Amino acid sequence: MKNDEIKMLEIKEIKKEAEGIRSFFFSKSIEATPGQYIMLWVPEVGEKPFSVSYSNSNLFGITVKKIGPFTSKLFEIKRGEKLGVRGPYGKGFKIKGEKVAVVGGGIGMAPLGFLGERMKNKKIFSFIGARTEKEMIFEKRMKRIGKVTIATDDGSAGKKGFITEELENFLEENKIDNIYACGPAPMLKRIAEIGEERAIETQISLERKIKCGVGICGNCLIGDFRVCKDGPIISGKKALQIGAFK
Ligand SMILES: Cc1cc2nc3c(=O)[nH]c(=O)nc-3n(C[C@H](O)[C@H](O)[C@H](O)COP(=O)(O)OP(=O)(O)OC[C@H]3O[C@@H](n4cnc5c(N)ncnc54)[C@H](O)[C@@H]3O)c2cc1C
Ligand code: FES
């Protein structure tokens, strides 16, 4: 799929992943690297960015949490209906290292299952954080490719507390080469700091309000860093330097 114009694509399948979280599949291949996103246009509501969460030679998918007006409208759309898609856009994760940690918070897991599946011959340790067990996604998917540690805010699955604490406990005993993360800003800030404290290269996915997706409208700027085009994936070191968490 070329990324320069909006294509109306039929939804082939909708899968419930967890409470209030669904994946929408389009039967079209997309040349995306994990971490890249598409702009999804829903008639009458507008356009928003979503990470590619599934991709193979026949289909791609996005995984969406129902939050506000846009996602509520999207959740009313049925299989067989068409939505506008342009992309993929932005810079994806650079796959590096032999022994890696993948850390996702809530819907931040969306690009990480796809990332894990693209990392061949690596030792993958996944850390999944969620508010509750019911809101957790991709546990089985990550278990197929490596070891999984879970933490929830209420202790309904895994350890009670922040997933970053589980990562730090793990790093006391284990050496890893790279950390890949996506999730809420406080989690990403802590991951970037952990990377700096322990000299581990980190890559994180930034979230800002993206409008054009191609670096021209200025809506997503952090200083002169265009999240839509220069990101959304950025090294934790650089994210701290440009003040991405202020
Ligand atoms: C690069 C990129 C990739 C993204 N990938 C995904 C993805 O894979 N899956 C996905 O579901 N979303 C993803 N998003 C977010 C998505 O684009 C929308 O912003 C989000 O779905 C909210 O849309 P909405 O219109 O339904 O809610 P809005 O109208 O934007 O928000 C409604 C209310 O919820 C609050 N809110 C907004 N976002 C959040 C949040 N994340 N957590 C808690 N409260 C929030 C707002 O402050 C507001 O009060 C991505 C964003 C970016 C920049
Ligand atoms: S969204 Fe337009 S410059 Fe980034």
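When reading the values below, keep in mind they use all heavy atoms of this one structure, side chains included, and skip hydrogens, waters and symmetry mates. A quick note: this is a predicted structure, and the numbers were derived from the prediction, not measured.
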Original post:
Do E197 and R190 meet the salt-bridge criterion of a basic N to acidic O distance under 4.0 Å?
Top reply: yes

Original post:
Does the side chain of I200 come within less than 4.5 Å of I176's, by heavy atoms?
Top reply: yes

Original post:
Do the side chains of M39 and L221 join up, straight or via other hydrophobic residues, at under 4.5 Å, putting them in one cluster?
Top reply: no

**OP:** For the residue pair V85 and I62, establish whether any side-chain heavy-atom pair is separated by less than 4.5 Å.
**Re:** no

**OP:** Give, for atom CD of Q36 and atom OG of S55, the distance between the pair rounded to the nearest 0.5 Å.
**Re:** 10.0 Å

Original post:
Below 4.5 Å, heavy atoms only, C-beta onward: do L115 and I95 meet side chain to side chain?
Top reply: yes

**OP:** Provide the closest heavy-atom pair for M187 versus C182 in the form atom of the first, atom of the second, distance.
**Re:** CE-O, 3.5 Å

Original post:
Would you call E165-K159 a salt bridge at under 4.0 Å N-O?
Top reply: no

Subject >> Residues K65, I21; criterion side-chain contact (heavy atoms from CB on, under 4.5 Å); working and verdict >> reply: CA-CA 4 Å; K65 179 170 185 171; I21 301 180; 4.2 Å; yes

Subject >> Flag side-chain contact, heavy atom, 4.5 Å: L59 against K12 >> reply: no

**OP:** Flag the pair C228 / Y37 as yes when at least one side-chain heavy-atom distance between them is below 4.5 Å, and no otherwise.
**Re:** yes

Original post:
Between atom CG of L171 and atom CD1 of I179, what is the distance when rounded to the nearest 0.5 Å?
Top reply: 5.5 Å

Subject >> K99, NZ: over 12 other non-hydrogen atoms inside 6.0 angstrom >> reply: yes

Subject >> R22 (side chain) donor-acceptor with I14 (main chain) under 3.5 angstrom >> reply: no

Indicate every side-chain donor-acceptor pair of residues 232-242 with a distance under 3.5 Å to a residue at least two apart or in another chain.
{"from": "S235", "atom 1": "OG", "to": "K238", "atom 2": "N", "distance (Å)": "3.1"}
{"from": "K237", "atom 1": "NZ", "to": "E196", "atom 2": "OE1", "distance (Å)": "3.0"}

Original post:
Is there any ring pair (Phe, Tyr, Trp, His ring centres under 6.0 Å) pair reaching into residues 140-170, and which pairs are they, with sequence neighbours excluded?
Top reply: F125-F170, F127-F170

**OP:** Answer yes or no for R118 and F93: cation-pi contact, defined as NZ/CZ to six-membered ring centre under 6.0 Å and angle to ring axis within 45°.
**Re:** no

Original post:
CZ of R131 to OG of S156: how many Å apart, nearest 0.5 Å?
Top reply: 12.0 Å

Original post:
What is the minimum heavy-atom distance between I128 and E139, and which atoms define it?
Top reply: CD1-CA, 3.8 Å

**OP:** Can you measure from CE (M8) to CD (E81) and round to the nearest 0.5 angstrom?
**Re:** 10.0 Å

**OP:** Spell out, yes or no, whether V45 and I38 are grouped together once hydrophobic residues are joined by side-chain heavy atoms under 4.5 Å, including indirect joins.
**Re:** yes

Subject >> Flag side-chain contact, heavy atom, 4.5 Å: R141 against F114 >> reply: yes

Subject >> Exercise: identify the closest heavy-atom pair between G35 and P111 >> reply: N-CB, 4.1 Å

**OP:** Indicate the atoms forming the closest heavy-atom contact of I163 with T149, along with that distance.
**Re:** CD1-O, 3.8 Å

Subject >> Any donor-acceptor pair under 3.5 Å from E135 side chain to E19 backbone >> reply: no

**OP:** Can you see which heavy atom on I145 is nearest to which on E117, and at what distance?
**Re:** CD1-N, 4.1 Å

**OP:** Assign the ring pair F26 / F60 to parallel, tilted or perpendicular, where the plane angle (0 to 90°) is split at 30° and 60°.
**Re:** parallel

Original post:
Taking the side chain as C-beta and beyond, is there a heavy-atom pair between L74 and L40 under 4.5 Å?
Top reply: yes

Original post:
Going from CD1 on I11 to CG on L83, what distance comes out if it is rounded to the nearest 0.5 angstrom?
Top reply: 4.0 Å

Original post:
Do you reckon F25 sits in the same ILVMFWY cluster as V52, going by side-chain contacts under 4.5 Å, direct or chained?
Top reply: no

Original post:
Does the pair T63 and F138 meet the rule for a side-chain contact (heavy atoms from CB on, under 4.5 Å), with working shown?
Top reply: CA-CA 10 Å; T63 303; F138 296 168; 3.7 Å; yes

**OP:** Decide whether T152 and E133 meet the rule of one side-chain donor and one side-chain acceptor closer than 3.5 Å.
**Re:** no

Original post:
Does I107 belong to the same Ile/Leu/Val/Met/Phe/Trp/Tyr cluster as I204, with side-chain heavy atoms less than 4.5 Å apart forming each link?
Top reply: no

**OP:** Please report the C-alpha distance between I191 and L167 in whole Å, then the side-chain angles of each, then the deciding distance to 0.1 Å, and finally whether the side-chain contact (heavy atoms from CB on, under 4.5 Å) criterion is met.
**Re:** CA-CA 9 Å; I191 299 278; L167 175 69; 3.7 Å; yes

**OP:** Using the rule that two of Ile, Leu, Val, Met, Phe, Trp, Tyr join whenever any of their side-chain heavy atoms come within less than 4.5 Å, decide whether L112 and F50 are in one cluster.
**Re:** no

Original post:
Between K211, K73, R86, which is the residue that forms a salt bridge (charged side-chain N to carboxylate O under 4.0 Å, His left out) with E47?
Top reply: R86

**OP:** Could you tell me whether the side chain of Q203 and the main chain of K94 form a donor-acceptor pair under 3.5 Å?
**Re:** yes

**OP:** Identify the heavy atoms of K66 and S72 that sit nearest to each other, and give their distance.
**Re:** CE-OG, 3.8 Å

Original post:
Could you walk me through whether R198 and E172 pass the salt bridge (charged side-chain N to carboxylate O under 4.0 Å, His left out) check?
Top reply: CA-CA 10 Å; R198 295 173 185 266; E172 290 298 317; 2.7 Å; yes

Original post:
Roughly how far, to the nearest 0.5 Å, is the CD1 atom of I222 from the NZ atom of K246?
Top reply: 11.0 Å

Original post:
Under a 4.5 Å cut-off applied to non-hydrogen side-chain atoms, are K15 and Y54 in contact?
Top reply: yes

Subject >> Donor-acceptor contact present, side-chain D177 to main-chain E98, <3.5 Å >> reply: yes

